[in-house]
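Here is the structure we will look at.
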Amino acid sequence: MTGNHTAEGPKHKRDLTRRKVVVAGAGAAAAVGVGGTLAAGAFAGESGAKGGSATASAGASSSEVCYKLTSETTEGPYYIDADKLRKDVTEDEEGIPLTLRLKVIDSETCKPIRNAAVDIWHCNALGVYSGYEAMGSGGGGGGGGTPPSGEPTGEPPSGAPSGEPGGGGGVHQEPTDDERYLRGTWKTDRNGTVEFRTIFPGWYQGRCVHIHTKVHVSGTWTDAGYEGGNTCHTGQFFFDEESVLASAEVEPYSTNTTTRTTLDEDTIYPDNGTEGGLLKLKYKKNDIAKGVVATITMGVDPEATHTGS
């Protein structure tokens, strides 16, 4: 990969029937402070609802399809299996505190899926992925995480995240370093829910703001992590433009000089709302720096296998 962020496309094949998440110690879920002026405990943002969310029909019978399948998307080149088992993935990354509340249900029965392993991973405020810092801001050009030039803007830039400059035909990239910030795996509870603490993602050229996710089921949780089963969902979560523009006024996002791709311009987002991964956001209007709560329900087929390739 050279230049802009290339394809979140096909990756090298690997055996998905045997996967293992390496535990990073019993204290991995403890909250980690966020740098700068943002408080470590500010993962609230309890007022000011933004966006919308679909919900499953409470009266639907088990024979009905009561919730649409959440759209499958590409895995992208920066997935790292055997990641850290933890709920707080922030480490020392600066940014707007983000509480990500996810619910996983069977799209046919609407029953919650418990003990599923849910992965999330995303770039930092300047568009850099941990494990791939040598790639720079989301792509193969530049090093040390230095973002390319260009002013953040609400206008769609040229180029596309897949198929042309900024994407197309790329494969999984091997990690370039041992950093693992903004990555983690945790299991769903009896209600099919799981909550992560992270930061609001930044952006890089060719892609809108997003978070990657995978859902693994039918495996076994052990002292070492999660083994076996199948990956029933590979997708991405997206943020509405109003929230992204608000985040761009806050440091360190305001120092990100990379040209930004809007949600409408992004060619990975399927443009179908919650079904496509659009998050429902809550934050204090005119003060997004205090923190954001993002929620979504994912309707999955637990018997399917979706590798994201």
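Just so we're clear, the structure is a prediction, and the values are computed from it rather than from any experiment.
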Handout entry: Set of side-chain contact (heavy atoms from CB on, under 4.5 Å) partners for Thr73, sequence neighbours left out
Key = Gln236, Ile268
Exercise for the section: Locate the shortest heavy-atom distance separating Leu281 from Ser243; write the atom from each residue and the value. Expected result: CD1-OG, 3.3 Å
Problem - Donor-acceptor side-chain pairing of Tyr129 and Gln173 below 3.5 angstrom - result: no
Exercise for the section: Side-chain contact test, heavy atoms from C-beta onward, threshold under 4.5 Å: evaluate it for Val215 versus Met298 and give yes or no. Expected result: yes
Exercise for the section: Indicate yes or no for a side-chain donor-acceptor contact from Thr188 to the backbone of Ala116 under 3.5 Å, with no hydrogens or angles considered. Expected result: yes
Handout entry: Expected output: side-chain Tyr283 to main-chain Val293 donor-acceptor under 3.5 Å
Key = no
Problem - Full working for side-chain contact (heavy atoms from CB on, under 4.5 Å) between His233 and His306 - result: CA-CA 5 Å; His233 175 64; His306 294 288; 5.6 Å; no
Problem - Value rounded to 0.5 Å, distance of CG in Asp189 from CD1 in Ile113 - result: 12.5 Å
Exercise for the section: Determine, step by step, whether Trp186 and Leu85 satisfy the side-chain contact (heavy atoms from CB on, under 4.5 Å) criterion, reporting the C-alpha distance in whole Å, the side-chain angles of both residues, the deciding distance to 0.1 Å, and the verdict. Expected result: CA-CA 6 Å; Trp186 200 251; Leu85 189 69; 4.2 Å; yes
Exercise for the section: List the steps, then state whether side-chain hydrogen bond (donor to acceptor under 3.5 Å, both in side chains) holds for Lys280 with Thr295. Expected result: CA-CA 5 Å; Lys280 178 181 179 181; Thr295 59; 5.6 Å; no
Exercise for the section: Side-chain contact test, heavy atoms from C-beta onward, threshold under 4.5 Å: evaluate it for Leu126 versus Tyr253 and give yes or no. Expected result: no
Problem - Test ring pair (Phe, Tyr, Trp, His ring centres under 6.0 Å) applied to His210 and Trp203, Tyr78, Tyr204, the passing residue - result: Tyr204
Completion exercise
Nearest heavy-atom approach of Cys208 to Asp266 is N-OD1, 3.0 Å
Completion exercise
Between Glu91 and the options Arg197, Arg180, Arg86, the salt bridge (Lys or Arg N to Asp or Glu O under 4.0 Å) test singles out Arg86
Exercise for the section: Calculate, to the nearest 0.5 Å, the distance between atoms NZ and CG belonging to Lys111 and Asn191 respectively. Expected result: 14.5 Å
Practice task
Go through the side-chain N and O atoms of Thr198 and His122 and say whether any donor and acceptor fall under 3.5 Å apart.
Solution key: yes
Problem - Contact summary for Ser130 and Ile80, nearest pair of heavy atoms - result: O-CD1, 4.2 Å
Problem - Residues Glu242, Lys285: salt bridge by 4.0 Å N-O rule - result: no
Fill in the blank from the handout: Rounded to the nearest 0.5 angstrom, the CG-CD distance for Asp264 and Glu241 is 6.5 Å
Practice task
May I ask you to check whether Thr231 and His216 show a side-chain donor-acceptor distance below 3.5 Å?
Solution key: yes
Exercise for the section: Please answer whether the main-chain N or O of Asp301 pairs with a side-chain N or O of Glu108 as donor and acceptor at a distance below 3.5 Å. Expected result: no
Problem - Within-4.5 Å side-chain heavy-atom neighbours: Lys84 and Thr185 - result: no
Practice task
Report yes if the side chains of Glu94 and Pro252 come closer than 4.5 Å at any heavy-atom pair, otherwise no.
Solution key: yes
Handout entry: Separation of Leu98 CG from Leu279 CG (nearest 0.5 Å)
Key = 8.0 Å
Problem - side-chain contact (heavy atoms from CB on, under 4.5 Å) partners of Asn272, counting only residues at least two apart - result: Ser71, Pro270, Glu275
Handout entry: Cation-pi, Tyr79 ring and Lys214 (6.0 angstrom, 45 degrees)
Key = yes
Practice task
Check whether any side-chain heavy atom of Thr307 lies under 4.5 Å from a side-chain heavy atom of Thr234, and answer yes or no.
Solution key: no
Exercise for the section: Only one of Ile120, Val194, Val118 passes side-chain contact (heavy atoms from CB on, under 4.5 Å) with Leu100; say which it is. Expected result: Ile120
Exercise for the section: Mark yes or no for whether Asn256, through its side chain, and Ala125, through its backbone, hold a donor-acceptor pair below 3.5 Å. Expected result: yes
Exercise for the section: For Trp221 and Asn115, work out which heavy atoms get closest and say how close. Expected result: NE1-O, 2.8 Å
Practice task
Please report the closest heavy-atom contact between Thr274 and Ile296, naming both atoms and the distance.
Solution key: O-CD1, 3.7 Å
Problem - side-chain contact (heavy atoms from CB on, under 4.5 Å) evaluation trace for Leu102 with Phe196 - result: CA-CA 8 Å; Leu102 311 174; Phe196 292 95; 4.2 Å; yes
Exercise for the section: Rounded to the nearest 0.5 Å, what's the gap from SG on Cys123 to OH on Tyr132? Could you check? Expected result: 14.0 Å
Practice task
Using atom types as modelled and distance alone, determine if a side-chain donor or acceptor of Asn230 lies under 3.5 Å from a backbone N or O of Pro302.
Solution key: yes
Practice task
For the pair Thr90 (side chain) and Glu93 (backbone), establish whether a donor and an acceptor sit closer than 3.5 Å, ignoring hydrogens and angles.
Solution key: no
Handout entry: Side-chain heavy atoms of Val300 within contact of Val104, under 4.5 Å
Key = yes
Exercise for the section: Report the C-alpha separation of His172 and Glu75 in whole Å, then their side-chain angles, then the decisive distance to 0.1 Å, and conclude whether the side-chain contact (heavy atoms from CB on, under 4.5 Å) test is met. Expected result: CA-CA 9 Å; His172 176 81; Glu75 173 188 285; 4.0 Å; yes
Handout entry: Under 3.5 Å donor-acceptor, Thr213 side chain and Asp119 backbone
Key = yes
Completion exercise
The reported gap from CZ in Phe237 to NE2 in His212 (rounded to nearest 0.5 angstrom) is 11.0 Å
Completion exercise
Heavy-atom nearest pair, Ala289 first then Val250, reads CB-CG1, 4.0 Å
Exercise for the section: Would you check if Tyr269 and Arg207 make a side-chain contact, meaning some heavy-atom pair closer than 4.5 Å? Expected result: no
Practice task
Side-chain contact test, heavy atoms from C-beta onward, threshold under 4.5 Å: evaluate it for Leu263 versus Phe238 and give yes or no.
Solution key: yes
